[in-house]
Every structure is written in structure tokens, then in C-alpha cells.
Amino acid sequence: MSAFHADIGFELGMTDILPEPTDIVGPAIDSGELVAWFGAAQRPLPWRQPGVSAWQILVSEFMLQQTPVSRVEPIWLDWIARWPTPSATAAAGPADVLRAWGKLGYPRRAKRLHECAVTIAAEHDDVVPDDVDTLLTLPGVGAYTARAVACFAYGKRVPVVDTNVRRVLSRAVHGRDEAPARARDLDDVAALLPDDDVVAQRFSAALMELGAIVCTARAPKCGLCPLSSCGWRAAGYPTRDPADAPARKVQKYAGTDRQVRGRLLDVLRASATPVTRGALDVAWLSDTAQRDRALHSLLVDGLVEQTPDGLFALAGEGEPQEARANRRR
DNA sequence: ATCCGGGCTA
DNA sequence: TAGCCCGGAT
């Protein structure tokens with residue numbers, strides 16, 4: 001078995017076990033000063049308010065995958081008012097879910113969130129699981145989201161590693177301004193986690209918040225940083241060596257299949273009834289092969305479906321959903 | 001025009 | 001581990 005597979009085995013099987021030795025060489029992060037800063041500086045995000053349920057926190061984490069807070073906030077507020085529980089979400093049709101997702105982007109997330117709601121309602125008694133290994137079995141829940149829910153919704157002392165945390169650790173602890181994902185990231189953070197459950201939860205939230213509003217990727221506000229000790233500052237803010245670490249490729253958007261998919265979904269979201277192929281075709285005229293490819297991928301992803309008479313609609317649009325059945329009674 | 005981000009598949 | 005998925009901000 002390769003080292004790669006050995007690492008995966010470790011990660012899946014021992015997620016709650018404590019740290020292997022890491023290669024942390026820089027100063028540890030002072031949890032006291034970080035958590036104190038968090039208490040004063042954190043943004044008042046709606047999913048951090050008291051009384052927000054585990055499901056509602058999970059919904060926020062789905063929406064925050066790849067998407068900035070400012071765009072998520074209004075959608076999340078409407079969403080949880082409309083579908084406050086997994087079973088309420090499951091009872092909605094996938095098409096309504098896709099519409100409510102609006103233009104948040106990556107609509108496969110909306111579909112997975114709906115599938116996740118169906119699974120939790122059907123197999124977990126409408127209660128979001130509280131352990132990482134069970135959370136990882138849910139559709140759309142990966143290493144980050146599983147630990148974020150375990151930590152922020154249930155107060156579990158588990159390392160939560162997103163791109164913000166990775167960047168803060170890379171700078172403050174390792175003294176480098178680069179943060180490629182590594183198999184040891186989880187161990188690195190586990191090693192820094194305060195012993196107390198409650199403090200550990202605050203510490204993880206604070207680490208993410210620091211990366212989000214101070215230790216930002218492009219223009220870090222080091223003047224506002226609460227850390228008295230930072231390896232990156234100590235090293236003189238070194239920049240990445242372009243020779244051994246070429247800048248990561250930036251994903252294009254304009255003119256890509258992704259943009260075409262967005263245009264096609266716009267048409268379907270706007271229509272309460274199935275549309276003709278022609279109505280979709282006019283949404284992208286410049287490259288017909290690309291348009292066909294995009295439509296095909298939406299069908300494969302299960303976001304769009306074709307009706308028996310050859311029209312196109314959002315997935316599940318015509319299905320008899322439980323909610324509609326109830327309304328008819 | 002470039003930046004930003006987690007899950008999944010192959 | 002590379003490459004795909006979105007759209008708004010800057």
C-alpha cells in the first residue's frame with residue numbers, strides 16, 4: 001500500500017484521535033489572545049446567533065462552500081425561515097430548492113443539500129449527526145464541513161481546517177506565505193487546539209475569522225493582527241518563491257461551460273413550466289457545441305430533466321412532492 | 001482582467 | 001492529486 005493510501009486510512013479511521021508529531025517549527029498560537037480578539041472583533045453572522053440549530057448551521061456551511069459571506073447571508077435567512085428542519089427541506093421539491101438557491105453558484109451544492117436533508121430525515125430521525133465519521137457519509141459533506149458542524153453546532157473538540165485556517169497556520173506557525181492542502185493539516189491544527197472543549201470551539205472559530213478578516217490572502221491587515229507572535233512577521237513577510245512554487249492556476253469563468261450552465265439554469269429558474277429546447281438555445285448562441293455540452297452536463301448532474309414530451313425543466317419540477325400532496329388535501 | 005473557495009471524480 | 005464546478009467583488 002502506498003503512503004498516500006496509508007494517510008487516507010489514518011484520516012478516515014482516527015479522526016478523533018490526538019495528534020501525531022507534526023513539523024510545526026514556528027511559535028504556537030496563543031489561544032488566549034486569539035479568542036479574546038474574536039470576542040471583540042467577530043462579525044455578527046446570523047448563523048452564529050444563539051438558538052440556531054445544527055441543521056441551520058449545516059445549511060450555512062453548504063452555502064459558504066466556495067461562496068463569500070455577503071452573498072450567503074440573505075439567501076440563508078430566507079432559506080431557514082422557509083425550511084427550518086431537514087424534513088421540511090426534504091418535503092420540498094428539488095426544483096424549489098434549486099430556485100431558492102438562486103445565483104449562489106455551484107448548484108450541485110443545492111442538490112446535495114436537498115439529498116442531505118432527505119438522508120437525515122429518513123435515516124437519522126431528522127437530527128443532524130454529531131460525530132465526524134457519520135457526517136462524512138452525508139452527500140455534499142466533506143472533511144471541512146463535517147468538522148465544522150461537529151465543532152460549531154455540537155461543540156466537539158475537532159480540528160476545523162478550511163482555506164483560511166490553512167493560510168493563518170502557514171504564515172503564523174510555519175512562517176511561509178503559501179498554504180497548499182496537506183494531509184497533515186488536520187494534525188497541525190489538532191496539535192494547537194486548546195484542551196478545553198469550549199475554548200477549542202472558540203479557537204477554531206477565531207482562527208477562521210482571523211483568516212477571513214485580518215490574515216487575508218491578498219492584502220493582509222497585519223496592523224490589526226492580535227497575535228503577539230507570528231512566524232511570517234518574524235521572517236520578514238517572505239513571499240512565495242515563484243521558482244519552486246508556480247502560482248496556482250486561476251480558474252476562468254467568462255466563456256466557460258460553467259457560465260453557460262449558469263445561463264441555462266437562469267432560463268429554467270425563471271419558468272414555472274417546462275421550456276422548449278429553443279428557449280434554452282437562445283440563452284447561448286455563440287457556441288452551439290458548448291451549449292449542448294453544458295445542457296448535457298446539467299442533465300447528467302441531475303439538475304435538469306427532460307419531460308416525456310421533450311421539454312426541459314428543473315429536476316423534480318413535475319414530480320408529485322409530498323408538500324403538494326398535503327396542499328391538495 | 002483577476003481573485004476567492006470545498007467536494008467530488010477519475 | 002489535477003481539474004471541474006459558479007458568480008459577485010475588486
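Per chain, numbering begins at 1; letters A, B, ... match sequence-line order.
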Check: protein-nucleotides 8-10 of chain B nitrogen or oxygen pairs below 3.5 Å:
{"from": "B/dC8", "atom 1": "OP1", "to": "A/Gly140", "atom 2": "N", "distance (Å)": "2.6"}

Rounded to the Å, how far apart are [X] [atom1] and [N] [atom2]?
X        : N     : atom1 : atom2 : value
A/Arg184 : C/dT1 : CZ    : P     : 13 Å
A/Asn164 : B/dC3 : CG    : P     : 17 Å
A/Arg108 : B/dG7 : CZ    : C1'   : 8 Å
A/Leu298 : C/dC5 : CG    : C1'   : 11 Å
A/Arg109 : B/dG7 : CZ    : P     : 11 Å
A/Leu264 : C/dG7 : CG    : C1'   : 15 Å
A/Arg263 : C/dC5 : CZ    : C1'   : 17 Å

> Has the side chain of A/Trp55 got a donor or acceptor atom that lies under 3.5 Å from a matching backbone atom of A/Ile80?
Replying inline: no
> Just by distance, do the side chain of A/Trp232 and the backbone of A/Pro238 share a donor-acceptor pair under 3.5 Å?
Replying inline: yes
Which listed nucleotide ([options]) is nearest to the side chain of [X]?
X        : options             : answer
A/Ala217 : B/dG6, C/dG8, B/dC4 : B/dC4
A/Arg218 : C/dC4, B/dC4, C/dG7 : B/dC4
A/Tyr106 : C/dC5, B/dC3, C/dG7 : C/dC5
A/Asp257 : C/dG7, B/dG6, C/dC5 : C/dC5

> Would A/Gln65 and A/Tyr144 count as having a side-chain donor-acceptor pair, cut-off 3.5 Å?
Replying inline: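 Per modelled atom types, A/Gln65 and A/Tyr144 side chains form no pair under 3.5 Å.
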>> Taking side chain to side chain donor-acceptor pair (under 3.5 Å) as the definition, give me every residue that meets it alongside A/Asp196, ordered by chain and number, with sequence neighbours left out.
In response: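 Scan of A/Asp196 (side chain to side chain donor-acceptor pair (under 3.5 Å), adjacent residues dropped) gives none.
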> Do NZ/NE/NH1/NH2 and the carboxylate oxygens of A/Arg269 and A/Asp266 come within less than 4.0 Å?
Replying inline: yes
